[in-house]
Amino acid sequence: MTKEENEKRLAHLRTIVRRLPEKPGSYQFYDREQTIIYVGKAKNLKNRVSSYFHKEVDRFKTKVLVSKIWDISYTVVNSEEDALLLENALIKKYNPRYNVLLKDGKTYPSICVTKEYLPRIFKTRTINKKVGTYFGPYSHIGSMYAILELIKKLYKPRTCRLPMTKEGIEQGKYKPCLEFHIHNCDAPCIGKQNHDEYVENIAQAKEILKGNTRDLSKKIYEEMMRKAEKLRFEEAEELKKKYVLIENFCAKSEIVSYTIQDVDVFTITDDDANKNAFINYIHVKNGTINQSFTYEYKRKLDETDEELLLTAIPEIRERFKSTAKEVIVPFELSWKLPDAEWFTPQRGDKKHLLDLSEMNGKQYKFDRLKQAEKLNPEQKQTRLMKELQAKLKLPKLPYQIECFDNSNISGTDAVAGCVVFKAMKPSKKDYRKYNIKTVTGPDDYASMQEVVRRRYSRMMDEGATLPDLIITDGGIGQMSVVREVVEGELGLQIPIAGLAKDKRHRTNELLFGNPPQVIGLETNSELFHFLARIQDEVHRFAITFHRDKRSKHLLHSELDDIPGVGPKTRDLLLKHFKSVKKIKSAEIQELTAVVGTKKSTLIYEHFHQ
């Protein structure tokens, strides 16, 4: 590999790393032949993968691995536990060259409920579906033992391995073991516990293993409260332990489930801006994800989502040689596959897989958008302007946005500021400061009206370009008084929005319309962050101006009122005489010695008129 090839390879890899999400997931490294050479897991994909490309990496194995990497792919999941399980599954499928720790064939343990006459419940690493039903696997062993202990306390399933039958129990072939005598088993083997009751207990235990614990938790809580009312506190305490165990239990993983044999999962995510669509494909075999890819399709004739899926699914299945008889899709499709059936789940493990596929498709779309916006920053600004225009139903793009804010302390040193954003970027040369002239006392509404009146009256006189949107730093009241001036007095038709804050003085909602209505906006969206930035900027600008004015006011002295006496002369006199009082009582000869004849005459005459 030449130096130019290596630099091109590293540049490609760094581009991928920069757009990785800061979410948990599994990542895969590929060599020149597109063979997976390493599979890893991460709590934060971007941080973990970028660590391989730091200059200070000094481990020989890591350097060798990085030198072999030509491409990177990843799968986003919901939790660290799911990332661990997915990594384990992919390593077992692909047996990557540099994953040496998991080549011993070990797997995570599961819980088995046997199909016997008196079923048993136990942990195992061996999966044989003829023996029973399996739940898991469990990457967090403590969680698995917690649920086994919970089931043991609640239902007391038998632990002996004898192959018990109905006839054997009726004929008295079995004897109770030690578990019965220490009250860990109710001895169904000798008829001490009814068979139907035992089977019902096992059925309830299965519900716990499936994660359906809400009803059981409620039942235990109610029983606990009844025991407490009867002052049977020891029994209530035991029930409380079970209740807490159930509430804290979280052992169900959506990544792996032995109830899913062989299925394909497809979802579609639209990119309306470019008329593209991103189709994510996940393949599950024997309860394990072993394929996860996202493909971009370009609409040529405004095809619908259904038409795109019907085109893409056979092609992707052929590419991966999939023979799955069940295909999970986000909505019903009108056409049929000759060798498979459609299925649109509403709940359960398969719905979790559908959600996971959709999440990966959206993440891929987000990554592509970020990559394009880094190459062309104006694309992001245009997208945000279009989004704001759509949210507020504006007649044109809000290219120029202006925002106002007041600042004063009990009406003193009252000022206001106006900030201007053009193409979603601050235009600081257009910022303006205003001293409040016509308002006495702390009247924010009147101050706002004065500033808006002065601002747009002057712009109209000068023929300047008026803003496409005005944003007030406040709620309904501020919007109303601004509208009175803009529309009522000046006759301008400029859209007016308001940014309201919560009790903690944090921006929490966008208001628009007449009467004002709350505009639905996600508080973690880019547009909301941009609007909050405008509000923070106008607040900073106004309060900085107010502080400067207040500082000058506090430093003002009687010497500043004497014509011909500037700051340098004032400072010389104060440094020599220490106070204005001593300057007033000084003789003219003393003043002349400090500042000269001309200025000393002005000062002496001012104080001795």
Inter-residue atom distance Ile328.CD1 - Leu353.CG, 0.5 Å rounding: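 Answer rounded to 0.5 Å: 6.0 Å.
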
Is any side-chain N of the basic residue among Glu358 and Lys362 closer than 4.0 Å to the acidic one's carboxylate O?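 So Glu358 pairs with Lys362 through a salt bridge.
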
Is the closest basic N to carboxylate O distance between Arg540 and Glu537 below 4.0 Å?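 Yes, charged N to carboxylate O under 4.0 Å.
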
State whether a side-chain donor-acceptor pair under 3.5 Å links Thr569 with Lys599.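 Indeed, the side chains of Thr569 and Lys599 share at least one donor-acceptor pair under 3.5 Å.
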
Distance alone, cut at 3.5 Å: any donor-acceptor contact between the side chains of Arg483 and Ser480? no

Has [X] got a side-chain atom pairing as donor or acceptor with [Y]'s backbone, closer than 3.5 angstrom?
{"X": "Ser26", "Y": "Gly40", "answer": "yes"}
{"X": "Ser357", "Y": "Leu354", "answer": "no"}
{"X": "Lys46", "Y": "Arg18", "answer": "yes"}
{"X": "Gln381", "Y": "Met424", "answer": "no"}
{"X": "Asp71", "Y": "Tyr30", "answer": "no"}

[X]: side chain to side chain contact (heavy atoms under 4.5 Å, CB included) partners, not counting sequence neighbours:
{"X": "Glu306", "result": "Thr304, Leu310, Phe331, Leu333, Ser334"}
{"X": "His576", "result": "Val594"}
{"X": "Thr465", "result": "Gln400"}
{"X": "Tyr295", "result": "Phe293, Tyr297, Ile316, Arg319, Phe320"}

Nearest heavy atoms of [X] and [Y], plus distance in Å:
{"X": "Ala416", "Y": "Phe545", "value": "O-CD2, 4.0 Å"}
{"X": "Leu45", "Y": "Val76", "value": "CD1-CG2, 4.2 Å"}
{"X": "Thr311", "Y": "Glu307", "value": "OG1-O, 2.9 Å"}

Could you check Arg48 against Ser51 for side chain to side chain donor-acceptor pair (under 3.5 Å), going step by step and ending with a plain yes or no? CA-CA 5 Å; Arg48 181 69 187 93; Ser51 69; 2.8 Å; yes

Qualifying residues under salt bridge (charged side-chain N to carboxylate O under 4.0 Å, His left out), relative to [X], sequence neighbours excluded:
{"X": "Lys41", "result": "Glu87"}
{"X": "Lys351", "result": "Asp355"}
{"X": "Glu590", "result": "none"}

Applying side-chain hydrogen bond (donor to acceptor under 3.5 Å, both in side chains) as the test, list every pair that has at least one member in [range]; sequence neighbours left out.
{"range": "residues 386-399", "value": "Lys396-Asp468"}
{"range": "residues 509-518", "value": "none"}
{"range": "residues 414-425", "value": "Lys422-Asp430"}

Within the structure provided, determine whether Gln28 and Tyr38 are in side-chain contact (heavy-atom separation under 4.5 Å). no

For residues 451-466, which residue pairs pass the salt bridge (charged side-chain N to carboxylate O under 4.0 Å, His left out) check, not counting sequence neighbours?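 Listed once each, the pairs are Glu402-Arg455, Glu450-Arg454, Arg453-Glu489, Arg458-Glu462.
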
Sequence neighbours excluded, which residues qualify as ring pair (Phe, Tyr, Trp, His ring centres under 6.0 Å) partners of Tyr434? none

